[in-house]
Amino acid sequence: MPTLAVVDFNIVCATLGGFIALFGLVSYLLKEKFYLSEALISLVAGVIFSPHAANLVRPLDYALDNTEVLGTITLYFTRLVLGVQLVIAGVQLPSKYLAKEWRSLSLLLGPGMVAMWLCTSLIIWAMVPNLSFLHSLAVGACVTPTDPVLSNTIVKGKFADKNIPKELQKIITAESGTNDGLGYPFLFLPLFLIRYNEGGYHQAGTAVGMWFYETWIYQIVLSVVYGAVVGWIAKELLHWAEEKKYIDRESFIVFAIALALFIVGTCGMFGSDDILACFIAGNVFTWDDWFRKETLDDSLQPTIDMLLNVTIFIWFGAVCPWVKFRHNSVIPIYRLIFLGILVLLLRRPPIVYAMHKKIHQIEGKKHAIFVGFFGPIGVSAIFYLYITLEYLRTIKDVEGNQREDILKLEEIVTIVVWFLVICSIVVHGVSIPLGKLGLYLPRTLSQALSQDSDQDNNLALQTPSSSGFFRPANRHNEPGQYGITIPGAVYRVGRSVVKGNSRNTSKRTSKAPSPRDSSPTENGMRGETMERSGSVNHEMHNKGMLGVVQPGNPVGRDIRFVDEVPRNVIKKEEPEVL
């Protein structure tokens with residue numbers, strides 16, 4: 001007999017697939033009309049599906065009720081998402097971008113990251129009770145890097161195309177991709193000092209030596225070299241396979257995704273920085289711009305990007321320790337709220353504003369404020385959070401027992417980092433919609449008021465006569481009787497009357513009226529409508545929207561989505577000022 005199999009696998013598949021399908025039906029409306037980020041929408045969906053609400057997604061059950069196993073699952077999930085996203089980000093940058101823009105990047109990655117780390121750590125030290133400054137440095141290091149996943153949602157889409165210059169988009173992508181892997185030195189310096197200079201140990205020299213050797217040499221330098229070598233070899237092999245006609249289109253497109261999985265796996269085996277290696281490999285892989293240009297019209301990479309974003313933030317919404325924000329023994333909720341506000345305002349904007357004149361991509365104060373504010377905290381912070389928790393579990397006192405200060409630090413770093421991530425997702429997710437609302441609302445009100453004023457003026461200009469008709473009060477502009485106004489510029493072309501000015505009269509085409517046309521004005525309007533219809537059809541043919549095979553539309557698709565721009569069509573839109 002058939003029975004219901006309401007098991008976790010079926011529930012997760014149905015929930016995830018149903019949400020992605022429903023979200024996809026209105027995705028353009030939400031992202032390009034309302035400017036809502038898919039990260040925020042997915043986070044809210046994760047909360048709804050979580051055990052706190054509908055109980056459809058139960059992360060702790062999947063981890064067999066073991067919080068350490070749940071942390072390991074989240075860590076590996078973030079590694080996968082960051083690895084794929086950073087290879088894609090590296091591929092999207094132009095040829096030799098890291099070498100050409102090393103001055104701007106060195107400022108953002110050097111003084112910029114140090115200032116962000118110290119400022120965040122000072123705020124955490126001041127707001128969390130009974131926390132040492134060394135421990136606050138470890139917590140602040142988790143949220144120092146800007147998140148490449150959330151940054152990618154800012155530098156793409158309709159809002160970015162209209163408001164963010166291309167060079168500014170590139171430097172944001174490059175910085176978020178590079179500094180994400182450079183978070184290790186900021187994190188492991190305080191962690192090594194906590195292990196070797198506290199709890200009965202006094203080996204600060206050992207801690208600093210391990211920081212140079214294990215972090216800088218093994219984690220950073222080795223990952224850069226490995227990523228560059230793998231990216232270059234992959235580029236040469238792909239060139240060879242394409243020249244020999246050994247590779248098909250599907251394998252060619254998916255090659256970058258496969259490269260990301262390979263680097264994540266191999267770097268994970270020997271314990272190096274797989275995140276930084278993925279970004280370097282992606283940039284070296286497209287060093288000659290060949291692969292990037294060949295995949296400009298491809299939609300596989302953005303599709304994988306969207307699927308990973310939606311899935312990871314649904315998981316975050318379900319796994320986030322929401323209850324601990326209110327009920328914990330380390331920091332009250334009102335301090336957490338002030339902590340989130342201060343970090344978002346002071347972590348990044350001051351240092352970016354101070355350096356913006358030396359970074360040529362940041363043109364003016366408005367761009368500096370934008371780049372400073374949109375330094376989101378997201379997937380990378382959760383990645384470093386669970387790296388921290390994994391390392392703290394290995395720290396013991398001289399007797400081999402778990403230290404009490406380490407247990408307290410584990411709780412603090414979990415609550416603070418998760419809360420800052422949620423604050424960043426929410427604040428950066430609603431900033432653009434609120435900003436656009438604040439921009440359009442005064443314009444809409446002023447237009448409505450001006451229209452009412454124009455109508456009132458028109459009524460004031462008209463005075464009733466004894467016969468009941470309205471005559472214009474201004475006799476100098478009286479073109480007709482009884483208040484019936486005629487356009488000020490009317491031109492006769494052939495047999496049609498065309499309304500307009502002398503500037504566009506030459507563009508009109510004359511057409512002899514048919515015997516059925518009763519009035520020249522009506523005939524002219526009909527001719528103009530036919531002309532416009534013809535121009536629209538011609539434009540649609542040029543854009544490949546009528547099924548005609550064009551150079552930018554090799555398959556001759558009949559459907560063109562609103563967010564698509566064929567290669568042979570260049571959009572000319574006036575950029576809005578930030």
Side-chain angles (χ1 to χ4, degrees), residues 74-99 105 109 113 144-153 155-156 170 172-185 187 215-216 218-238 253-287 291-292 295 300-309 311-312 376 378-384 386-387:
T74 306
L75 173 62
Y76 290 162
F77 195 4
T78 55
R79 280 184 58 202
L80 174 64
V81 172
L82 288 173
V84 174
Q85 291 271 17
L86 288 175
V87 168
I88 294 176
V91 168
Q92 290 174 350
L93 291 176
S95 173
K96 305 176 182 178
Y97 187 82
L98 297 182
L105 287 174
L109 300 176
M113 288 193 71
T144 295
T146 56
D147 184 56
V149 179
L150 291 176
S151 297
N152 196 28
T153 62
V155 297
K156 70 177 184 180
K170 295 173 187 175
I172 292 174
T173 301
E175 183 212 359
S176 62
T178 310
N179 71 7
D180 194 50
L182 290 178
Y184 275 94
L187 176 62
T215 304
W216 281 106
Y218 198 78
Q219 295 282 349
I220 303 302
V221 176
L222 180 60
S223 64
V224 170
V225 173
Y226 180 74
V229 171
V230 173
W232 184 83
I233 293 175
K235 174 177 67 71
E236 295 298 323
L237 288 176
L238 192 62
I253 294 173
V254 82
F255 198 85
I257 309 297
L259 181 64
L261 299 177
F262 175 78
I263 294 175
V264 169
T266 52
C267 275
M269 290 179 186
F270 56 80
S272 188
D273 187 355
D274 50 352
I275 305 303
L276 183 59
C278 284
F279 181 74
I280 297 298
N283 195 254
V284 173
F285 179 63
T286 186
W287 198 255
F291 184 82
R292 184 180 70 87
T295 55
L300 175 65
Q301 294 178 9
T303 303
I304 298 295
D305 182 14
M306 185 272 294
L307 289 175
L308 290 176
N309 287 350
T311 308
I312 191 68
V379 181
S380 59
I382 302 301
F383 168 76
Y384 283 114
Y386 287 100
I387 289 289

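Worth saying up front: this structure is predicted, and the values here are computed from it rather than measured. All values below come from the heavy atoms of this structure, side chains included, with hydrogens, waters and symmetry mates left out.
Looking at heavy atoms from C-beta onward, Ile257 lies out of side-chain contact with Val87 at the 4.5 angstrom threshold. The closest side-chain heavy-atom distance from Asp180 to Phe279 is not below 4.5 Å. The side-chain heavy atoms of Leu261 and Leu80, taken from C-beta on, include a pair separated by under 4.5 Å. Leu182 has its side chain out of reach of Pro145: every pair of non-hydrogen atoms, C-beta onward, lies at least 4.5 Å apart. A heavy-atom distance below 4.5 Å is found between the side chains of Phe285 and Leu238. Residues Thr78 and Tyr386 are not in side-chain contact: their nearest non-hydrogen atoms beyond the backbone lie 4.5 Å or more apart. Side-chain contact check for Phe77 versus Thr311: some heavy-atom pair is nearer than 4.5 Å. Between Gln85 and Asn309 the shortest side-chain heavy-atom distance falls below 4.5 Å.
The shortest heavy-atom contact between Ala228 and Val284 is O-CG1, 3.5 Å. When all heavy atoms of Ala277 and Ser223 are compared, the pair lying nearest together is CB-O, 3.5 Å. Taking both residues in full, the closest heavy atoms of Val264 and Gly83 are given as CG2-CA, 3.8 Å, listed atom of the first, atom of the second, then distance. The nearest pair of heavy atoms linking Gln301 to Ala256 is NE2-CB, 4.0 Å. Considering every non-hydrogen atom in both Ile263 and Cys278, the closest pair reads CG2-SG, 3.7 Å. Ser380 approaches Asp147 most closely through the heavy-atom pair N-OD1, 2.9 Å.
Interatomic distance, Asn283 CG to Gln92 CD, rounded to the nearest 0.5 Å: 11.5 Å. Tyr97 contributes atom OH, which lies 12.0 Å from atom CH2 of Trp287 (distance to the nearest 0.5 angstrom). Rounded to the nearest 0.5 angstrom, Ser151 OG and Glu175 CD are separated by 7.5 Å. Expressed to the nearest 0.5 Å, how far CD1 of Ile304 lies from CD1 of Ile88 amounts to 7.5 Å. In this structure, Ile312 CD1 and Leu82 CG are separated by 8.0 Å, a value rounded to the nearest 0.5 Å. In this structure, the separation between CG on Leu105 and CG on Leu98 is 6.5 Å, given to the nearest 0.5 Å.
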>> Between Trp216 and Tyr184, does the side chain to side chain contact (heavy atoms under 4.5 Å, CB included) criterion hold? Intermediate values first, please.
In response: CA-CA 8 Å; Trp216 281 106; Tyr184 275 94; over 6 Å; no
> Under the side chain to side chain contact (heavy atoms under 4.5 Å, CB included) criterion, do Leu300 and Thr295 qualify, and how do the steps go?
Replying inline: CA-CA 9 Å; Leu300 175 65; Thr295 55; over 6 Å; no
>> Run the side chain to side chain contact (heavy atoms under 4.5 Å, CB included) test on Thr286 and Leu93 for me, step by step, so that the C-alpha distance in whole Å, both residues' side-chain angles and the decisive distance to 0.1 Å come before the verdict.
In response: CA-CA 8 Å; Thr286 186; Leu93 291 176; 5.9 Å; no
>> Assess the residue pair Val379 and Leu150 against the criterion (side chain to side chain contact (heavy atoms under 4.5 Å, CB included)); give the C-alpha distance rounded to whole Å, side-chain angles, the decisive distance to 0.1 Å, and a yes or no.
In response: CA-CA 8 Å; Val379 181; Leu150 291 176; 5.9 Å; no
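Between Phe270 and Tyr226, the ring center distance clears the sub-6.0 Å criterion.
The backbone N or O of Pro376 sits nowhere less than 3.5 Å from a side-chain atom of Thr146 that would complete a donor-acceptor pair. With hydrogens and angles disregarded, a donor-acceptor distance shorter than 3.5 Å links the side chain of Tyr384 to the backbone of Gly183.
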